[in-house]
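Presented below is the structure to which this report refers.
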Amino acid sequence: MYNMWLQYNPVESKNKDMWQEVAILNDSCIATSIKNELTIAIEKMFQVKPAYSTSNDAKIVIGIIDELGELVDKQQKHKFADISDESFLISYQNDQLLVTGKSDKALLYGVYHLLREVQHGHDITKLNLLDQPKNSLRMLNQWDNLDGSVERGYSGNSIFYENGKIVKDKSRIKDYARFLASVGINAISINNVNVWKEETYFITKKYLPEIKEIADIFRAYGITLYLSINFASPIAIDGLDTADPLDVNVKQWWKDRVQEICHYIPDFGGFVVKADSEHRPGPFTYDRDHADGSNMLAEALAPYGGKVIWRCFVYNCVQDWRDRSTDRARAAYDHFKPLDGKFHENVILQIKNGPMDFQVREPVSPLIGAMKKTNQIIEFQVAQEYTGQQRDLCYLIPQWKEVLQFDTYIKGKGTTIEDIVAGRIHPYKYSGIAAVSNIGNDENWTGNTLAQANLYGYGRLTWNPELSSETIANEWIQQTFTSNENVVNVLGDMLLNSWEIYENYTAPLGVGWMVTPNTHYGPNIDGYEYSRWGTYHFADRDGIGVDRTKETGTGYTSQYEEPNQSTYNNLDSCPDELLLFFHHVPYKYTLKSGKTVIQHIYDTHFLGYEQVEQLVQQWETMKDNIDPLRYTNIRERLALQIRNAREWRDQINTYFYRKSGIPDEKGRTFY
Ligand code: BDP
């Protein structure tokens with residue numbers, strides 16, 4: 001359970017003896033981590049304890065290019081000329097296996113890749129691979145609080161904090177760093193984006209000595225540490241009478257703070273900021289905009305190479321539901337797009353994948369790529385806040401892939417999100433992907449063992465968005481459980497279908513929400529309908545859906561480039577799965593699938609429940625191939641899922657039957 005995908009199950013290999021001596025030429029703290037990992041892995045996979053040397057003659061030699069001297073030829077060196085420092089080369093040549101790159105981080109990634117190959121039983125004497133990450137920033141955001149709770153955490157408490165203190169025993173943090181590095185994550189923010197209590201003081205001497213220890217742990221795994229901050233810190237910490245970003249004292253205050261942080265953590269990544277969002281303070285209080293707010297912090301961080309990651313999750317969360325003229329979906333674009341060109345070069349905007357909030361189905365945020373002169377990264381949520389909370393199975397890689405493959409047409413056909421966030425479309429200085437983590441101190445880290453696949457997949461996909469959902473699932477299953485073909489097939493099938501299954505039994509056709517307010521688990525169709533959060537479905541006796549068209553709706557569709565704008569705006573061309581996100585239609589409106597909206601609702605909800613029953617059956621066939629602990633954990637979660645799916649099915653179907661009065665064509669039972 002605990003070792004997630006770093007199980008290092010025993011493998012048969014004719015190259016086992018090669019591992020008796022490993023030369024590691026580098027001596028940085030990352031090289032120590034490499035040694036540590038190799039020792040664990042090789043002992044477990046081959047029952048061999050590797051001896052370490054610095055001899056160029058060893059069978060396996062790990063070192064940065066300059067350290068390898070003659071072992072790397074001119075041609076190979078040339079290949080590294082224009083690629084990132086994190087790229088690695090694994091090459092079997094002249095009876096030796098070399099792992100090299102331009103930096104110690106490259107070696108770390110190379111070694112983890114090599115171990116993955118070994119675990120999969122591949123012949124390492126056939127290896128010749130130059131690999132580079134497609135995204136430069138590959139980040140996780142912890143939403144952990146000092147009291148030990150985790151905002152939207154579904155796997156126990158924090159591994160960083162307990163009872164108002166940073167944990168003394170940091171061994172679990174080190175293991176977390178190992179897991180993250182093994183899939184290429186290179187940045188982490190360690191506290192919740194909602195910073196308002198004691199966490200405000202993280203940027204002071206009170207906590208910095210211990211945060212430094214955490215930074216040291218992550219550094220040894222190539223991961224840069226960031227902190228979420230409270231925009232009103234100058235007031236909260238030092239009693240300044242303002243946090244106005246243009247005030248000279250405020251500016252100086254932040255400069256002093258950053259200087260102190262960097263005294264402890266010289267390679268400090270920077271700040272993650274949630275400002276003017278869901279009651280968090282921000283520049284609006286002083287009649288300033290987001291550029292003013294972020295630039296002020298950017299100036300303080302610039303001398304140290306730090307960055308400001310400024311979140312675009314900004315909307316009015318106290319709107320009056322009676323006045324339905326504002327559309328939450330529009331908010332991020334409306335706030336940020338006009339500011340393009342005003343941000344400093346070390347400010348990065350972090351934009352959620354959809355315009356609302358991590359629903360099971362949303363269109364892609366039109367803000368991504370729309371700002372040509374402002375660094376942007378996309379934000380995913382590995383934590384399954386709205387996708388089953390790690391009780392229900394929902395493998396999210398297919399969803400993220402769909403987002404990444406979306407063609408924005410911002411610079412003509414083929415301007416995909418994947419290319420935008422990788423910095424290949426606009427000349428972004430920094431770009432990449434961030435995500436809300438899904439781990440906690442549960443023995444298996446993620447509550448539901450199967451939710452480990454989302455964390456694994458997030459890292460792998462962020463390194464290389466071209467990997468398919470299947471490949472990632474297969475890799476994860478084989479490293480986590482076994483290479484047994486039957487397990488790989490059955491479990492692979494369960495994972496790959498799970499997003500669609502979850503969508504089938506929850507909110508239909510892109511309309512979203514319909515969840516229990518606050519907790520966001522389980523159905524409550526009108527739970528948010530008359531609330532101030534701006535999350536509506538507009539179901540009445542005649543129809544359902546949100547009119548976001550230009551002519552009669554909120555005009556949200558015009559935030560997209562053509563042809564997406566017309567595709568979504570036009571009822572005839574709007575894809576079924578997003579129909580209710582963009583249009584309000586009668587229940588008898590016929591979808592492209594040929595079904596009416598109401599019949600689609602009935603059918604998918606009955607189907608979704610049956611599919612969960614099938615998941616249970618599929619899992620039960622795995623019993624003899626999976627250890628009892630993990631088998632039972634997953635079996636128990638599936639039992640919760642089935643209960644949840646039944647609730648959703650019955651409430652959604654009954655609600656819409658009663659609202660519309662339209663019977664099910666198949667005459668099934670409602671309550
Ligand atoms: C929502 C969560 C809330 C977060 C917020 C955010 O419900 O807990 O604080 O997003 O992203 O999804 O800031």
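Side-chain atoms are counted along with the backbone in the values below, which use heavy atoms only and exclude waters and symmetry mates. As the structure lists them, so they are numbered: ligands from 1, and atoms in each ligand from 1.
In this structure, ligand 1 sits under 4.0 Å from heavy atoms belonging to Trp143, Glu151, Arg152, Val193, Asn194, Lys274, Glu278, Arg311, Phe313, Lys352, Asp357, Glu385, Tyr386, His520.
A cation-pi contact, defined as under 6.0 Å to the ring centre and within 45° of the axis, links Arg548 to Phe581. Judged by a 6.0 Å distance limit and a 45° cone about the ring axis, Arg646 is not positioned over the six-membered ring of Trp648. Note that Arg172 lies in the cation-pi zone of Trp445, set by a 6.0 Å cut-off to the ring centre and a 45° limit from the axis. The cationic group of Arg649 does not satisfy the cation-pi geometry with Tyr505, failing either the under 6.0 Å distance to the six-membered ring centre or the 45° limit from the ring axis. Annotation: cation-pi geometry satisfied between Lys307 and Tyr430 (NZ/CZ under 6.0 angstrom from ring centroid, within 45° of ring axis).
Lys372 is linked by a side-chain contact (heavy atoms from CB on, under 4.5 Å) to Asp340, Ile410, His426, counting only residues two or more places apart in sequence or in another chain.
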